[in-house]
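Atom set for the values below is all heavy atoms of this structure, side chains included, hydrogens, waters and symmetry mates excluded.
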Amino acid sequence: MATTLSPVAVDEPKIGGRGPTVAPPPRGGWGDGRPDEHRDRLRRYRIGMFFALAAVVMLFVSFTSAYIVRQGVGTWSDASARYVTDWQPISLPPMLWVNTVILLASSFTLAMAHRTLSRRLRAAPRGGASAAAQLIDEQRSVPWLGITFVLGAGFLIGQLLAWQQMRHLGIFVSTNPSSSFFYVLTGAHGLHLLGGVLALAYAGLTSLLRKPLATRFLVVDVTALYWHFMDVLWIYIFALLHFAR
């Protein structure tokens, strides 16, 4: 018994025709990359920052060890033919209290800047706002990043004023071991915080140049990690100088 197969229509590809087109995902605040790629970059930058902060921790741990050991070590006196204690506690300048409040306020303003960018970045992939609406939102929002930069610069200026108060009291680096550690600890912290101020300036530059939100968030996020660490480190240094005199 013969079986007859019905013909099946086959669509032949057209010569020179276009294949199926897949619409690209909306760019939103992610720039030219994808959210997963930016998350990977953020993770790598955070890990790198943690390694850098670990080095800073080891530096100030060594300073602390030397500070504590030096308090109990005397110097040899030829006149009395014995070791005498040359550690003389110093009074901290009142300006340090003002500087502490300034630095705590800067951590708050930077946290607000980080929160604002995070909110905008979460809304961007969903198409929650157009580019024009995002621009208007940025123009109307509080310039938290700029305020943080001003506060950070104010802290550094305040530290210089604290040094000036010490000099007016006749306390210099070579006055005694206690004063030497005061200048070393506050100076080392100030240099590290200066790096944070420069990072804040770069973060503000990315905003002025209208970089993608993901890039701006990455810079602010890593800078915030460093800045908050400098804040906690200053509280530690201030407490050490105040209570372990």
Would you please test Arg41 and Leu218 for side chain to side chain contact (heavy atoms under 4.5 Å, CB included) and show each step?
-> CA-CA 8 Å; Arg41 287 182 60 197; Leu218 187 148; 3.8 Å; yes
Which pairs pass ring pair (Phe, Tyr, Trp, His ring centres under 6.0 Å) with one or both residues in residues 95-121, sequence neighbours excluded?
-> Trp97-Phe238, Trp97-His242, His114-Phe217
Partners meeting salt bridge (Lys or Arg N to Asp or Glu O under 4.0 Å) with [X] (sequence neighbours left out):
X: Asp231; answer: none
X: Arg70; answer: Asp86
X: Arg245; answer: none

Derivation and outcome, side chain to side chain contact (heavy atoms under 4.5 Å, CB included), residues Ser178 and Gln88 = CA-CA 6 Å; Ser178 179; Gln88 300 177 5; 5.6 Å; no
When rounded to the nearest 0.5 angstrom, what distance separates [atom1] in [X] from [atom2] in [Y]?
X: Leu110; Y: Leu200; atom1: CG; atom2: CG; result: 6.0 Å
X: Leu185; Y: Ser180; atom1: CG; atom2: OG; result: 10.5 Å
X: Tyr183; Y: Thr175; atom1: OH; atom2: OG1; result: 7.0 Å

Less than 4.5 Å apart, any side-chain heavy atom of Leu209 and any of Leu205?
-> yes
Is any side-chain heavy atom of Met58 less than 4.5 Å from a side-chain heavy atom of Val61?
-> no
Should [X] and [Y] be counted in the same cluster of Ile, Leu, Val, Met, Phe, Trp and Tyr side chains packed under 4.5 Å apart?
X: Leu198; Y: Ile102; result: no
X: Leu59; Y: Met49; result: yes
X: Val220; Y: Leu42; result: yes
X: Leu213; Y: Val142; result: yes
X: Phe229; Y: Phe149; result: yes

Using side-chain contact (heavy atoms from CB on, under 4.5 Å) as the criterion, list what pairs up with Ile47, not counting sequence neighbours.
-> Arg43, Phe51
side-chain contact (heavy atoms from CB on, under 4.5 Å) involving Phe243 - partner list, sequence neighbours excluded | Ala239
Please report the closest heavy-atom contact between Met230 and Leu103, naming both atoms and the distance.
-> O-CD2, 4.1 Å
Residue list, side chain to side chain donor-acceptor pair (under 3.5 Å) with [X], at least two apart or on another chain:
X: Thr100; value: Trp234
X: Arg46; value: Asp221
X: Asn176; value: none
X: Thr223; value: none

Evaluation steps, side chain to side chain contact (heavy atoms under 4.5 Å, CB included), between Val173 and Phe182 = CA-CA 8 Å; Val173 176; Phe182 170 81; over 6 Å; no
Counting N and O atoms only, with roles assigned by atom type, does the side chain of Ser179 sit under 3.5 Å from a partner on the main chain of Ile171, one being a donor and the other an acceptor?
-> no
For the side chain of Ser107 and the backbone of Leu104, is there at least one donor-acceptor N/O pair under 3.5 Å apart?
-> no
Parallel under 30°, tilted from 30 to 60°, perpendicular over 60°: which one fits the rings of Phe181 and Tyr67?
-> perpendicular
Exercise: do Ser118 and Arg122 side chains pair donor with acceptor under 3.5 Å = yes
Phe60 meets the ring pair (Phe, Tyr, Trp, His ring centres under 6.0 Å) criterion, sequence neighbours left out, with Phe63, His192
Under the side chain to side chain contact (heavy atoms under 4.5 Å, CB included) rule, what do Met95 and Val98 come out as? Steps first, then yes or no, please.
-> CA-CA 5 Å; Met95 191 64 193; Val98 179; 4.2 Å; yes
Anything under 3.5 Å between a donor and an acceptor, one on a side chain of residues 151-169, the other on a protein residue two or more places apart or in another chain? List them.
residue : atom : partner : partner atom : Å
Gln159  : OE1  : Asn99   : ND2          : 2.6
Trp163  : NE1  : Thr186  : OG1          : 3.1

Tyr45 OH: over 12 foreign heavy atoms closer than 6.0 Å | no
